[in-house]
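The block underneath contains the structure these notes are about, expressed in structure tokens.
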2 protein chains.
Amino acid sequence: MTRHVELVQALRRSGHRLTPQRESVLTVMAENAQHLTAEEILARVRARYPYLNKSAVYRALALLTELGLVNQTDLGRGRVEYELHRHPHHHHLICRRCQQMTQIDHALLATLGEKLARDFGFQADLDHFAIFGTCKKCQTRASKHSKRHSH
Amino acid sequence: MTRHVELVQALRRSGHRLTPQRESVLTVMAENAQHLTAEEILARVRARYPYLNKSAVYRALALLTELGLVNQTDLGRGRVEYELHRHPHHHHLICRRCQQMTQIDHALLATLGEKLARDFGFQADLDHFAIFGTCKKCQTRASKHSKRHSH
DNA sequence: GTCTCTAATGCAACGAGTCGCAATAAGGAA
DNA sequence: TTCCTTATTGCGACTCGTTGCATTAGAGAC
Ligand SMILES: [Mn+2]
Ligand SMILES: [Mn+2]
Ligand SMILES: [Zn+2]
Ligand SMILES: [Zn+2]
């Protein structure tokens with residue numbers, strides 16, 4: 001069974017209506033492994049189904065997110081990015097200085113999730129985190145820079 | 001030395017100009033331990049310094065954030081919230097269902113930071129995280145609900 | 001104190017995302 | 001197939017936050 005069919009079934013099982021708008025958003029998401037912005041999704045859907053409004057895209061994505069089929073994340077590029085929910089989970093390290101983005105494995109966050117469950121009974125959504133900071137390269141660049149300036 | 005004076009000094013040391021707009025934003029931040037929205041800050045500043053533009057507030061907050069004096073975080077209330085940077089760091093657990101917000105100690109994230117530094121040489125900004133999920137109370141409520149529906 | 005340079009502000013226009021409401025259409029019932 | 005209920009859409013207005021550009025004013029030099 002294809003990913004697309006699975007997704008359509010999940011939508012119907014949840015009791016929501018399967019509209020062409022929703023299905024076309026789903027299709028685009030299933031065809032693209034990368035992160036997409038709402039505008040990119042709108043443009044790709046319109047290539048095959050031109051009758052689609054901006055609000056419908058946002059509402060479809062909100063629903064798919066609620067159902068756990070899509071992740072939406074602010075990756076620091078000025079607009080939210082959407083990605084089909086994948087297993088196992090992954091996260092991203094993003095350098096504030098050079099914008100370089102690295103994908104990391106969920107294992108690194110798993111113990112955090114367990115601690116929060118154990119200490120607070122809190123079930124954290126650790127599906128797709130964006131962790132900002134400074135990458136290795138930019139740290140050495142910054143320290144050279146400050147050395148040059150300090151004498 | 002008061003927190004306010006410290007902050008003003010940090011601003012000047014960084015080579016930026018001390019304008020009345022910036023200083024009044026700083027004053028409001030230093031007087032309020034809580035999270036504030038840009039609009040709340042604007043309103044409080046205007047009570048004593050009426051000549052302040054919305055853009056100036058956002059730009060002042062951006063600068064203070066860059067200097068590490070202020071944290072800005074999306075706590076799920078539809079607008080960004082600002083807080084004076086505190087030591088030691090703290091973070092928040094936020095329930096998506098009941099909106100309850102719990103403050104947690106930085107210790108819970110410290111090992112994550114160490115792992116990212118060790119494995120990737122990445123220096124993560126773990127100053128003030130918002131971690132979304134389901135609180136203890138809402139988990140039990142949800143499981144009762146699904147039991148009632150399943151027969 | 002005055003001059004000068006340019007960083008910072010005010011303003012208005014813009015962009016992303018949300019929302020209320022009237023019109024439409026999905027999907028279950030008959 | 002047709003009908004009915006109501007979830008969903010399209011649209012326009014709105015909010016939060018950002019940006020470009022002309023104007024203002026901090027602060028160092030003299
Ligand atoms: Mn991703
Ligand atoms: Mn806080
Ligand atoms: Zn970098
Ligand atoms: Zn809750």
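Every chain is numbered from 1, with letters handed out A, B, ... down the list of sequences.
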Checking [X] now: which residues fulfil side chain to side chain donor-acceptor pair (under 3.5 Å) with it, not counting sequence neighbours?
X	answer
B:D125	A:R96
B:Q103	none
A:R22	none
A:E114	none

B:H89 side chain to B:L126 backbone, donor-acceptor under 3.5 Å: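 Such a contact is found between B:H89 side chain and B:L126 backbone.
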Salt bridge (charged side-chain N to carboxylate O under 4.0 Å, His left out) partners of residues 126-137 of chain B, not counting sequence neighbours, each pair once: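 Of all non-adjacent pairs touching residues 126-137 of chain B, none passes salt bridge (charged side-chain N to carboxylate O under 4.0 Å, His left out).
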Salt bridge (charged side-chain N to carboxylate O under 4.0 Å, His left out) contacts touching residues 80-93 of chain B (sequence neighbours left out):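 Applying salt bridge (charged side-chain N to carboxylate O under 4.0 Å, His left out) to every pair that reaches into residues 80-93 of chain B, excluding sequence neighbours, yields B:R77-B:E81, B:E83-B:R86.
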Sequence-aligned protein contact record of nucleotides 5-17 of chain D, with B where the base is within under 4.0 Å of a protein heavy atom and S where only the sugar-phosphate is: -BBSBBBB---SB
Interatomic distance where [atom1] belongs to [X] and [atom2] belongs to [N] [whole Å]:
X	N	atom1	atom2	answer
B:E66	C:dA7	CD	P	14 Å
B:L18	D:dG28	CG	C1'	15 Å
B:L42	C:dT9	CG	P	13 Å
B:E23	C:dT9	CD	C1'	16 Å

Side chain to side chain contact (heavy atoms under 4.5 Å, CB included) partners for B:Q99, two or more places apart: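 If we apply the side chain to side chain contact (heavy atoms under 4.5 Å, CB included) test to B:Q99, skipping adjacent residues, there are no hits.
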All side chain to side chain contact (heavy atoms under 4.5 Å, CB included) counterparts of B:E39, not counting sequence neighbours: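 B:E39 satisfies side chain to side chain contact (heavy atoms under 4.5 Å, CB included) with B:T37 only.
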Contacts of type salt bridge (Lys or Arg N to Asp or Glu O under 4.0 Å), residue B:R48, not counting sequence neighbours: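 By the salt bridge (Lys or Arg N to Asp or Glu O under 4.0 Å) rule, B:R48 matches B:E31.
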Sugar-phosphate, base or nothing in reach of A:R77, heavy atoms under 4.0 Å: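 No contact.
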Angle of first-five versus last-five pair axes in the helix from C:dG1-D:dC30 to C:dA30-D:dT1, to 10 degrees: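 Between the axes fitted at each end of the helix from C:dG1-D:dC30 to C:dA30-D:dT1 lies an angle of 30°.
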Give each protein N/O atom lying under 3.5 Å from an N/O atom of nucleotides 2-4 of chain C, with the pair distance.
none

Exercise: do B:H128 and B:H90 side chains pair donor with acceptor under 3.5 Å: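 There is such a pair between these side chains.
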